[in-house]
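Remember, predicted model here, so these are calculated numbers, not experimental data. Below, all heavy atoms of this structure are taken into account, side chains as well, without hydrogens, waters or symmetry copies. Numbers here simply count residues along the sequence, with the first being 1.
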Amino acid sequence: MSRFEKVDQLLQQFIANGPAGCGCAIAQNGQVLYEGYHGYADLEARKPITEDTVYRLFSMTKVIVCAAALMLYERGQFLLNEPLYEYLPEYRNSYVFKTAPNGHTYMDKAETPILIKHIFNMSAGLPYASEYSDTGKAMQKVITALKDKQGKYDLRAEIKALSEVPLAFEPGTRWLYGYGHDLVAGLIEVISGKLLGQFLKDEIFDPLGMKNTGYRYRGDIESRMASFLSTDRHRRA
């Protein structure tokens, strides 16, 4: 039996029950011990997954963004206990959604400012735009208005617009998955004077030889992208 036969079996099981294709590499001490590619990068075209297939990172970008910000932290560019408004001044006077004893929701000025550590650990009180909370709904309205007014816009424009949205709770009092790491990205842009994509390219992607990683298509990357499919029916989403 091959040393990694069970890995192949596991990957085959994955594509039988979930995604249209997947790839896996196992390395130890700089040596690649196993590579396996199964299924399709494009199900409709029957284009197989290969070592050249490029995938969307989705929320794994958060790991890269936080690593980039911590590089600036190590260089003494900011402190974790500093108020966010020292770098993003639009967050100096934040408000919070609160609920009265009778159930009525109202806005009140935040008792404490958002600290930089709050955006790292997602305790700033900003979720993602959604219908699941008053803050999320307010974020949806702001983003829709921003798109209607400007069409395409950059990260700093979005951050400034969303600073008007009341927080879901007092900063640092709860954890809530959401917009915190987008604010970390904004912090990087302000401190470095570069757009996020350029900073990541200069400081992480190019030094590590990550030639296929970035926020924009270049070269032949678009043609090598895995199709975006729903997981339940293997249909293009």
Atom [atom1] of residue position [X] - does it have more than 12 heavy atoms of other residues, nucleotides or ligands inside 6.0 Å?
| X | atom1 | result |
| --- | --- | --- |
| Y153 | OH | yes |
| Y73 | OH | no |
| M107 | CE | no |

Rounded to the nearest 0.5 Å, how far does [atom2] of [Y] lie from [atom1] of [X]?
| X | Y | atom1 | atom2 | answer |
| --- | --- | --- | --- | --- |
| K201 | R216 | NZ | CZ | 14.0 Å |
| R156 | L195 | CZ | CG | 11.5 Å |
| I188 | E203 | CD1 | CD | 10.0 Å |
| L187 | Q77 | CG | CD | 10.0 Å |
| Q31 | N29 | CD | CG | 8.5 Å |
| R218 | N212 | CZ | CG | 7.0 Å |

Shortest non-hydrogen separation from [X] to [Y] and the atoms involved:
| X | Y | answer |
| --- | --- | --- |
| C22 | I15 | SG-CG2, 3.6 Å |
| H181 | F120 | NE2-O, 2.8 Å |
| A168 | V96 | C-CG1, 4.3 Å |
| C24 | L11 | CB-CD1, 3.7 Å |
| A226 | T53 | CB-CG2, 4.0 Å |
| K160 | S163 | O-OG, 2.6 Å |

Would you confirm whether [X], through its side chain, and [Y], through its main-chain N or O, come within 3.5 Å as a donor-acceptor pair?
| X | Y | value |
| --- | --- | --- |
| Y85 | S94 | no |
| S123 | T173 | no |
| R56 | M225 | no |
| R224 | D52 | yes |
| H104 | T99 | no |
| T144 | K141 | no |
| E82 | L79 | yes |

For the pair [X] and [Y], name the ring-plane relationship: parallel under 30°, tilted 30 to 60°, perpendicular over 60°.
| X | Y | answer |
| --- | --- | --- |
| Y34 | F4 | tilted |
| Y128 | Y179 | perpendicular |
| W175 | Y177 | tilted |

Is any side-chain heavy atom of [Y] closer than 4.5 Å to one of [X]?
| X | Y | value |
| --- | --- | --- |
| K47 | Y40 | no |
| I64 | L57 | yes |
| T213 | L200 | no |

Any link between [X] and [Y] through a network of hydrophobic side chains (Ile, Leu, Val, Met, Phe, Trp, Tyr) touching at under 4.5 Å?
| X | Y | result |
| --- | --- | --- |
| L80 | L88 | yes |
| Y215 | L208 | yes |
| V7 | I49 | no |
| L84 | L176 | no |
| M210 | V65 | yes |

Q: Go through L162 and Y91 one step at a time and tell me if the side chain to side chain contact (heavy atoms under 4.5 Å, CB included) criterion holds.
A: CA-CA 9 Å; L162 290 176; Y91 282 89; 4.1 Å; yes
Q: Establish, yes or no, whether a centroid distance under 6.0 Å links the rings of F228 and F58.
A: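 Between F58 and F228, which both carry aromatic rings, the centre distance is below 6.0 Å.
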Q: Could you walk me through whether N81 and K117 pass the side chain to side chain contact (heavy atoms under 4.5 Å, CB included) test, one step at a time?
A: CA-CA 6 Å; N81 283 322; K117 66 181 179 182; 3.1 Å; yes
Q: Decide yes or no on side chain to side chain contact (heavy atoms under 4.5 Å, CB included) for L167 and T135, but give the supporting numbers first.
A: CA-CA 6 Å; L167 308 175; T135 300; 5.5 Å; no
Q: Under the side chain to side chain contact (heavy atoms under 4.5 Å, CB included) rule, what do M71 and I204 come out as? Steps first, then yes or no, please.
A: CA-CA 10 Å; M71 292 171 68; I204 296 179; 3.9 Å; yes
Q | Salt-bridge present (K98, E111; N to O < 4.0 Å) | A |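 Yes, K98 and E111 are salt-bridged.
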Q | Flag for E51-Y37: side-chain donor and acceptor within less than 3.5 Å | A |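 No, E51 and Y37 have no side-chain donor paired with an acceptor closer than 3.5 Å.
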